[in-house]
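Let me begin by presenting the structure, written as structure tokens, before commenting on it.
Proteins get letters first, then strands, A, B, ... in listed order; numbering begins at 1 in each. Just so we're clear, the structure is a prediction, and the values are computed from it rather than from any experiment.
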Number of protein chains: 2
Amino acid sequence: MSHTLRLTGRLEPRGAWTAERCPIARTLQVVSTRSAFLILREAFYGTTRFDDFAERVGISEPVTAARLRELVEHGLLEREDYREPGQRTRRQYRLTSRGAELLPVLVALMQWGGRWLDEHGGPVTLLHRECGEPVSAELRCAAGHHVDDEELELAPRRRTATD
Amino acid sequence: MSHTLRLTGRLEPRGAWTAERCPIARTLQVVSTRSAFLILREAFYGTTRFDDFAERVGISEPVTAARLRELVEHGLLEREDYREPGQRTRRQYRLTSRGAELLPVLVALMQWGGRWLDEHGGPVTLLHRECGEPVSAELRCAAGHHVDDEELELAPRRRTATD
DNA sequence: CCGTATCCTGATAGATACTG
DNA sequence: CAGTATCTATCAGGATACGG
């Protein structure tokens with residue numbers, strides 16, 4: 001058993017794309033810290049306000065402010081000021097679609113933690129609203145097959161004429 | 001459009017499971033740093049040796065040693081000494097099945113980076129070996145439906161009799 | 001309610017030099 | 001090849017106090 005991808009074609013010079021062009025590394029430049037991941041988690045849970053982020057993630061105000069600012073700068077959250085009649089102005093932070101597309105990352109992290117670090121699979125589950133069945137992040141190919149890790153192949157991307 | 005999960009049932013006291021029991025937070029205690037994620041990436045790519053990890057991830061030896069030790073301690077990698085006839089003893093680090101199950105996290109990170117941070121979808125693709133189709137991490141329910149983020153529901157896990 | 005300003009601690013990580 | 005030892009810089013993050 002070899003939990004290892006097989007490589008097709010050529011990928012060198014290895015260091016070149018590894019350091020700067022690896023999409024995993026690039027994503028980690030945008031969300032690298034624990035607090036960033038957990039703020040995104042809260043955004044998915046529906047949290048929108050500064051104080052709620054700080055309290056529910058369990059981080060201090062300065063850290064909350066820094067992470068929210070960075071996430072807005074990177075376009076994962078957007079800040080919006082609004083005012084309900086008779087109330088004072090409030091702010092809310094909401095996921096953009098760019099940010100929302102990180103959901104599979106969070107679900108995969110949740111899944112792994114529930115499976116390997118919790119006695120009984122963790123305190124919460126995700127369900128498909130339409131049918132009530134539990135949801136998980138899994139690997140699928142475009143043809144719709146479930147893909148096991150031994151069935152994966154890493155290939156250099158084909159360049160198109162416009163590249 | 002509301003990129004936000006709807007909640008079913010009760011989850012309070014919120015702070016209680018958020019701080020310590022949230023499976024995302026717990027996973028991030030095991031792999032929290034950039035270097036840990038990238039070492040796992042390399043392990044998936046087939047890297048097994050100390051020097052190769054250091055060079056391909058682009059980190060110093062002390063950092064490499066620290067991360068490898070932690071990942072072995074947490075059971076994501078296993079260290080194995082081996083000796084080929086006529087050669088001297090070598091060491092290799094290989095993914096355990098526990099570690100291999102983090103693959104969806106890495107694929108999801110790769111996918112997001114390729115989509116949002118790269119001009120042309122990033123330098124590499126994952127393919128399903130059997131059929132050659134590109135692979136992605138997506139959300140599915142146990143009934144096999146593709147699940148969109150608006151179709152997600154967060155529910156407290158039901159306790160079984162043995163809990 | 002939504003932050004900023006300061007100060008402080010500890011962890012992440014680079015550079016360099018050295019050992020089995 | 002596979003690390004350890006040191007030394008240092010940078011950054012994540014807590015605590016506290018304060019301002020719009």
Hey, could you give me the CZ/CG distance between Phe44(A) and Leu126(A), rounded to the nearest 0.5 Å?
10.5 Å
Measure from [atom1] on [X] to [atom2] on [N] and round the result to the nearest Å.
X        : N       : atom1 : atom2 : result
Glu55(A) : dG14(D) : CD    : P     : 14 Å
Asp81(A) : dC1(C)  : CG    : C1'   : 12 Å
Arg69(A) : dC2(C)  : CZ    : P     : 16 Å
Gln92(B) : dA2(D)  : CD    : P     : 10 Å
Glu61(B) : dC18(C) : CD    : C1'   : 11 Å
Ile59(B) : dT10(D) : CD1   : C1'   : 17 Å
Leu38(B) : dG14(C) : CG    : P     : 11 Å
Arg83(B) : dG20(C) : CZ    : C1'   : 14 Å

Closest-nucleotide mapping onto DNA chain D: is Pro62(B) or Ser60(A) further toward the 5' terminus? I mean the 5' end.
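Checking each residue's closest nucleotide, the 5'-ward one belongs to Pro62(B).
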Tell me, do Asp51(B) and Arg49(B) make a side-chain contact under 4.5 Å, heavy atoms counted?
no
Side chain [X], main chain [Y], donor-acceptor under 3.5 Å:
X         : Y         : answer
Arg129(A) : Glu150(B) : yes
Thr64(B)  : Ser60(B)  : yes
Arg34(B)  : Ala25(A)  : yes

Listed nucleotide nearest any side-chain atom of Arg91(B), set dG3(D), dG3(C), dG14(C)
dG3(D)
Determine the contact category for Phe53(A): base if any of its heavy atoms lies under 4.0 Å from a base atom, sugar-phosphate if only primed atoms, P, OP1 or OP2 are that close, otherwise nothing.
nothing
At 4.0 Å (heavy atoms only), tell me whether Arg79(A) reaches a base, stays on the sugar-phosphate, or touches nothing.
sugar-phosphate
Which is more 5' along DNA chain C, the nucleotide nearest Ala66(A) or the one nearest Arg90(A)? Just name the residue.
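Result of the comparison: Arg90(A).
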Show me, pair by pair, the donor-acceptor contacts under 3.5 angstrom made by side chains of residues 68-77 of chain A, not counting sequence neighbours?
{"unit_1": "Glu70(A)", "atom_1": "OE1", "unit_2": "Arg67(A)", "atom_2": "NE", "d": "3.0"}
{"unit_1": "Glu70(A)", "atom_1": "OE2", "unit_2": "Arg67(A)", "atom_2": "NH2", "d": "3.1"}
{"unit_1": "His74(A)", "atom_1": "ND1", "unit_2": "Glu70(A)", "atom_2": "O", "d": "3.1"}

Side-chain H-bond candidate by donor/acceptor type, His128(B) with Glu153(A), under 3.5 Å:
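Glu153(A) and His128(B) do not have a side-chain donor-acceptor pair below 3.5 Å.
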Quick check on dC1(C): is either OP1 or OP2 less than 4.0 Å from any side-chain nitrogen or oxygen of Tyr82(A)?
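Looking at the OP1 and OP2 atoms of dC1(C), neither is under 4.0 Å from any side-chain N or O of Tyr82(A).
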Closer than 4.0 Å, any side-chain N/O of Tyr93(A) to the OP1 or OP2 of dC1(C)?
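Tyr93(A) to dC1(C) OP1/OP2: no side-chain N or O under 4.0 Å.
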For nucleotides 8-12 of chain C, tabulate all protein N/O to nucleotide N/O atom pairs closer than 3.5 Å, reporting atom names and distance.
none

